[in-house]
Each structure stands twice: as C-alpha cells, then as structure tokens.
Number of protein chains: 2
Amino acid sequence: MTPKPRKPTIDMVASKSEVSKTTISRFLNGKYEYMSEETKKRIQHVVDELNYRPNNFARSLKSNKSGLIGVVVADITSPFSSILVKGIGDFCNERGYQIITTNTDEDPSKEREYLESLVGGEMVEGLIVNTTGKNDDLLSQLGSQGTPIVLADRAMEHLEFDTITNNNYGMTRDTLNHMTESGFEHVAFFTQAMGANSSRRIRHEAYLDFYEYEPGDAPYVYEIDTNNSRAVIESIQAFIGQTQGHTRAIFAVNGVVLLAVVRGIVELGLKMPDDIGVCGYDDWEWATLVPPGISAIEQPSYQVGLEAAKRVIARINGSKAKAKVIELPSKLHVRGSTTLK
Amino acid sequence: MTPKPRKPTIDMVASKSEVSKTTISRFLNGKYEYMSEETKKRIQHVVDELNYRPNNFARSLKSNKSGLIGVVVADITSPFSSILVKGIGDFCNERGYQIITTNTDEDPSKEREYLESLVGGEMVEGLIVNTTGKNDDLLSQLGSQGTPIVLADRAMEHLEFDTITNNNYGMTRDTLNHMTESGFEHVAFFTQAMGANSSRRIRHEAYLDFYEYEPGDAPYVYEIDTNNSRAVIESIQAFIGQTQGHTRAIFAVNGVVLLAVVRGIVELGLKMPDDIGVCGYDDWEWATLVPPGISAIEQPSYQVGLEAAKRVIARINGSKAKAKVIELPSKLHVRGSTTLK
DNA sequence: TTGTATGCGTTATCAA
DNA sequence: TTGATAACGCATACAA
C-alpha cells in the first residue's frame, strides 16, 4: 500500500541519471548515434529501476500523433463487425496503433456524434468507418480537413475514400445463378429496409438485374422487420401463395435476415429445399447445423479489417494514392437448403 | 482543396474574439459565472466560425485525464465479448469516455503487452479486463500503482478488484437439477481446457459438487479440443459407450463447446433428447433453430458490461469501496433437447 | 468581469 | 557527445 507514487517523468530520470533530459529523450527515441555506451547503460538502468514510461499526452502534444485510430461500426454485436474489428485490431496493434471502437447502433446521429468527438480533439489519426450511409457530408468534410478515412464494407455515394468491400454484385449474381441451375423457378429477395446501406442496395440491384426486373415491378421483393416474427412469417406465406405449383427459394440479404427467414420456415414446418429453398448472406456458425444445412455466403470480414487498417495507416503515413474500391472475394457454401433432388 | 488548414487553437480563437485565452478557456469549460453576455456571444460566434475543438492532448496533459478506458477481452469475436463491449461502450460514451479495445486471443503474453501499453503511457484512466487468468501478478501491480481495474466475467484467484460475473455456480447447479428432474440418469461435463479460466473452473466445481464426485474420479468429464471434430465425436461416443441402457445428457461449459457438441451429435445422427440430451452455456441465436431446440443458459453479457463500466468510472472518480464480486443472474431456457417424453 | 504568467512532460533547435 | 531552452495547446493561480 504505497501512498500514491507519482508516475516518474523524464525529469526524474534525468536527475537520477545525472544527465539532461535531452539526453534521456534521445535515448528513449533510439538516437544512440553520438551517445557514449557509458551513459546509455546508466540511463537504461535508471529507466528500468523507475519502471519509467514516457507520457503519451506530452508526446502527442508535441508530435500531433496520438497512435490512435478510430473505428466506427454500425453494430458491434454482429459477427461481421466483431470479426472486422478483430482484423483491424490485429493489423493496427502490430504497427503500434491502438484502436478506439465506437458503436452507432445504425443511428446516424450517434454516428455523427462519435465522428465529431473522435476527430474533433485530434483524438485519432485516422478513421475506419462502417457507415450508416447518412453522414456522407460530414465524412466528406472531415476528409477534406485532412483526416485519413477508409470505409469498411459500406460505400458512400461518391467515391471519395478508399473503400474495402466484398464483391457484392458478383457474388449475388453467382448465387442466383446457382439457384437457377439447381432448378429454382422463382427466387424472392428478402431484405431489411435498405435505406442508405450500400451493400444491401448493390445486392438488390444484382438481383433485379439477374431476373431482368424493372426497379418498380419486381414481384418477389420483401422488406421485413426481423424483430417481428409474425410479419416475417406472413411474408414467407405471401411468397408461397404467389408461386403455387413452382419451385421457389428465398435469398436473404444478410445474416440477420437469413436467421429470421430460417426461423420462420422452421416455425411454419416447411421442408427445405422442397417446399422452399433458402440461401443468402452470411455464413454464420449455425448454417451447418440446421438441417439440411443452409447455403450461405461467407464474407471475408477479417480480411476487410486487415486491408482497411493497412490503407488508413498508409494514408496516415502520407500516401496520396487516388481513392479506390477494393473488392475482396467472398465464398458461397452450397448446402442442402438449395440442393433440389 | 484547401492547402492544409491548420487546426484552430485557443490562441486563434482568443485573438479573433479579442479577448485573452483565459477567457476562452473559461468559456469552453462552462465557467460563465462572471462573463458578460456580450463576450460570451462573441466567443460563441468565433468558435462556431472556426469550428474550433479543444485539443485533447493538451487537455489531458494538464489534467492527467485522458477520457479513455481500456478494455481487454480474450476473444472479441465471441458473442459474449462483443455484447460485453457494447454494454461497456454504451455506458462509457454516455459519461463522456471513449474505450480502447484490445483483443488478446486468449494469449497471456499479448494480454501482458496490451495491459502495459495501455496504462504505461497514462493512456487510459481505467481498465476493464476479461482476463486469461495468467497475469494476476501484473494486474495486481497495475492496480496497486493506482489504475482502477474491474474484472469482467473472469475472476482472479484473490479478490482484489471489483469483479462482475454471472452466477456460474448456482446456475450450473440449477441446470443440473433440471436435468435430473427431466429424467437424465447420467450427465457428462464437456469442457475446453480449463486452465486459469475462473468461469470454467467454477462451473466444473458445481458439476462435481452436484453429483458428489471426488475431483479426481468423475467418470464423465471430457476435455475436448473444439477445433478437432473427430475428437469431439469420439468423446461423445465414449460417453455413450459408458452409459448403455441409461438416459444421458451432455452439459457444455460454454457456447463454443455447445456448438461443437451439437455439431457432433448431428453428424452422428443421434436423436435429441432420446439418444442423448444436451444443454449448457451459451444461449446463442441458433439454439432455437436446431431441432428440437437446444436448452441453453443465457448470460447477461450486456449487463455485465454496463456494470463493469459503472464500477470503473466510480473508481476513477475516487470510490474507495471495498472490492467485491457482483453476480448477475443468468437464465436457463429449457427447450426440446432436455425434454424427455 | 478579464488578463498575465506559469506549468503539464515531451521533443527539437541550437549551442557548447 | 551533451545540455539549455523554447515550444506544443490548454488550464489555473493570482492580479487587475
């Protein structure tokens, strides 16, 4: 129970080692060029003895570098995000950065608040954002004021920042193609409200293109509220009603929707894939467990995180490369739910 | 494309408003007591115009407060952790703190590294740790040097810090009791290596106590490697072999084990609950989906996060209350997998 | 009601 | 090879 040992400062180290703090500072920053072995050793000794660590704020104040990267995700509890954050963290920590994670709950005003608070006080050197899509203006502004920004998974309307996503369009098309080849005559598109979410929109677009529907008149697009299981079930029933006598399947726009859909199908006692096929994003752990196995698309979240981190750090270090979109490959796992006998 | 607009400082605001920076500082900190409406307005105007935000490092350097709380979790990708982090974040953000999240991957040396780097440079004001259990010494040291620490979910050997967990012992006992009442004659305990993980150890202890087994000679304790599905299956078969002609069930020590066990059972084509019952931690989304529904224990991760955040912040604000363990209630969801007809 | 001067712990410039 | 000193941006004790 020591009373309250004040953290040692560079001055204490200096006086204990009987050199100036300039020398200590040199030592700490590895500038040994003109330093005698003698003093080097002495300093090392004192540093160890005091267990001295330089104060980050003083350093940051001087250098204008915090060693912090801000990460703004829409929903940290989704496997996509938590794996993304892990990828970001792994890369950043390796390079000596720490990450500040904030969770917007898909709420644009929270997003706004966090963005402002993170860059406002010079807190972070760069930003990785999984945006709600409703703060393009603010992001633009922050970017033009000099904060390096990288978008993860969801793009902005105008390409302005490096954007790491997966090949949403191509993968959706390939999956629908697989459905056709499997023999499904009608495929519905189940989605949450698409709002400004670019991934959802692109998947939707790929769906419309594949079946050559006009935007206004696609018969089997269902926007569902995943928290309302009754409504989900009703949508499934409506789709079935519209496709009597045909083979049919549901494509889920994301993992949450896929879960809700499968839940509904199980509840209705329908048999997959004969009564109805199912596939979609995302390939979460349970997809193999529910008989007959749910076909699902695995996104490279971890790699997205890694790549996003790599790009912000490059920008922080001065890269002026033109902003570009990087599409990482995802993977369709075909299972029983889309395998018609 | 403005060239590079330097961030405004308090000095710029001062000169533009034609008052001293002291007055600006007062204004920024809401000390309006003796300030004329006139200057107040003028300053407000300039602040808005310049879009000025005080520099956090300078503030931190002065005040020795970073507004940052460090969160060290063992595995951010597990639902338990990501929900925990969300709870922590929600509470902290509300109180004006940001959180720095680090992920140890259950690796004690990474944990050590992050702990040191987080508190080392005065970076964080407090720490919430979901510890691997292998750094008790370091945690002790950091704590005694003045860093407020709260443990989330996993306790240390000696009670030294506030520890927020759920009622592991009681819940395990209650669940086993439910199994007995359901008619299961033998219940196995499936676990990952227990190591220094306090939650696993406590659940194990509750199991031994319930069946009055001596620590050394519990016949149905299986330590499995969840990545090795063959081995998992062999353990299940071994258990079945030992209990021919009896009703039996498996208790899984956590969500990862539960998943592996269910996967094995499905693969073996066994019927739940008749061939074998299943229950355990954790109640993740898929538990209702796998027929006949998997009985599972839901942990209050979010509340653990909230409470942990509340405690660190209280400590940061000077609370000297004696360290204590807070056990939050968890909930057993009984489903088909433990309902013998 | 407002301003002056000093210090927080570092790093960098210049001089020795 | 080393040291004195100024500066980073802000908050505060003390003066006015």
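Chain letters run A, B, ... following the sequence lines, proteins first and then strands; every chain starts at 1. Note that the structure is predicted; figures quoted are calculated from it, not measured.
- Between A58(B) and S63(A), the residue whose closest nucleotide on DNA chain C is further toward the 5' end is A58(B).
- Within the nucleic acid shown, S60(B) has no heavy atom closer than 4.0 Å to any nucleic acid atom.
- Remark: the backbone N or O of K65(B) is paired with a side-chain donor or acceptor of S60(B) at under 3.5 angstrom.
- Closest approach to the S25(B) side chain among dG3(D), dA11(D), dT10(C) is made by dA11(D) (side chain taken as heavy atoms from C-beta onward).
- Across dC10(D), dT2(D), dG9(C), the shortest atom-to-atom separation from the side chain of S36(A) is found for dT2(D).
- A donor-acceptor pair is defined here as one N or O able to donate and one able to accept, closer than 3.5 Å; no such pair exists between the side chain of T77(B) and the backbone of I83(A).
- Within 4.0 Å (heavy atoms only), K65(B) reaches no atom of the nucleic acid at all.
- The backbone N or O of L127(B) sits nowhere less than 3.5 Å from a side-chain atom of T147(B) that would complete a donor-acceptor pair.
- For K62(A) and dA7(D), a side-chain-to-base donor-acceptor distance below 3.5 Å is present, hydrogens and geometry of angles not being considered.
- Regarding contacts with the backbone of dA11(D), a side-chain N or O of N29(B) is found under 4.0 angstrom from either OP1 or OP2.
- The nearest whole Å value for the distance from the CG atom in L28(A) to the C1' atom in dT11(C) is 11 Å.
- Within the structure, every side-chain polar atom (N or O) of R59(B) is placed at least 4.0 Å from both OP1 and OP2 of dG9(D).
- In terms of position along DNA chain C, the nucleotide closest to M35(B) lies nearer the 5' end than the nucleotide closest to the other residue of the pair L61(B) and M35(B).
- Put simply, the residue from K320(A), R311(A), K322(A), K324(A) that forms a salt bridge (charged side-chain N to carboxylate O under 4.0 Å, His left out) with D162(A) is R311(A).
- Of the candidate nucleotides dA11(D), dT10(C), dG3(D), dG3(D) has the atom lying nearest to any side-chain atom of V19(A).
- Atom-to-atom, NZ of K31(A) to C1' of dG3(D) comes out at 15 Å; the value is rounded to the nearest Å.
- Rounded to a whole Å, the CG atom of N64(A) is 10 Å from the C1' atom of dG9(D).
- Contacts of Y52(B) with the nucleic acid, taken as non-hydrogen atoms under 4.0 Å apart, involve only primed sugar atoms and P, OP1 or OP2.
- Separating the CD1 atom of I24(B) from the P atom of dA11(D) is a distance of 11 Å, rounded to the nearest angstrom.
- One can place CZ of F57(A) at 17 Å from C1' of dT11(C), the figure rounded to the nearest angstrom.
- The base of dT4(C) sits within donor-acceptor range of the side chain of T22(B), with an N or O pair under 3.5 Å.
- When the P atom of dG7(C) is taken as reference, atom CG of N55(A) falls 18 Å away, rounded to whole Å.
- Comparing dT13(C), dG3(C), dG9(C) by their nearest atom to the side chain of T23(B) picks out dG3(C).
- Contact between the side-chain N/O atoms of T9(B) and the OP1/OP2 oxygens of dC8(D) is not found at any separation under 4.0 Å.
- For dT2(D), neither phosphate oxygen OP1 nor OP2 lies less than 4.0 angstrom from any side-chain nitrogen or oxygen of R26(A).
- Residue K40(A) is out of contact with every strand shown, counting any heavy-atom pair closer than 4.0 Å.
- If you take CD of E18(B) and C1' of dG3(C), they are 15 Å apart, rounded to a whole angstrom.
- Within 3.5 Å, a donor on the side chain of K21(A) pairs with an acceptor on the base of dT10(C), or the reverse.
- Of the charged side-chain nitrogens involved, at least one lies within less than 4.0 Å of a carboxylate oxygen, so that K40(B) and E37(B) count as a salt-bridged pair.
- Rounded to an integer number of Å, the gap from D11(B) CG to dA5(C) C1' is 13 Å.
- Contact record, Y32(B) with F27(B): CE2-O, 3.6 Å, taken as the closest heavy-atom pair.
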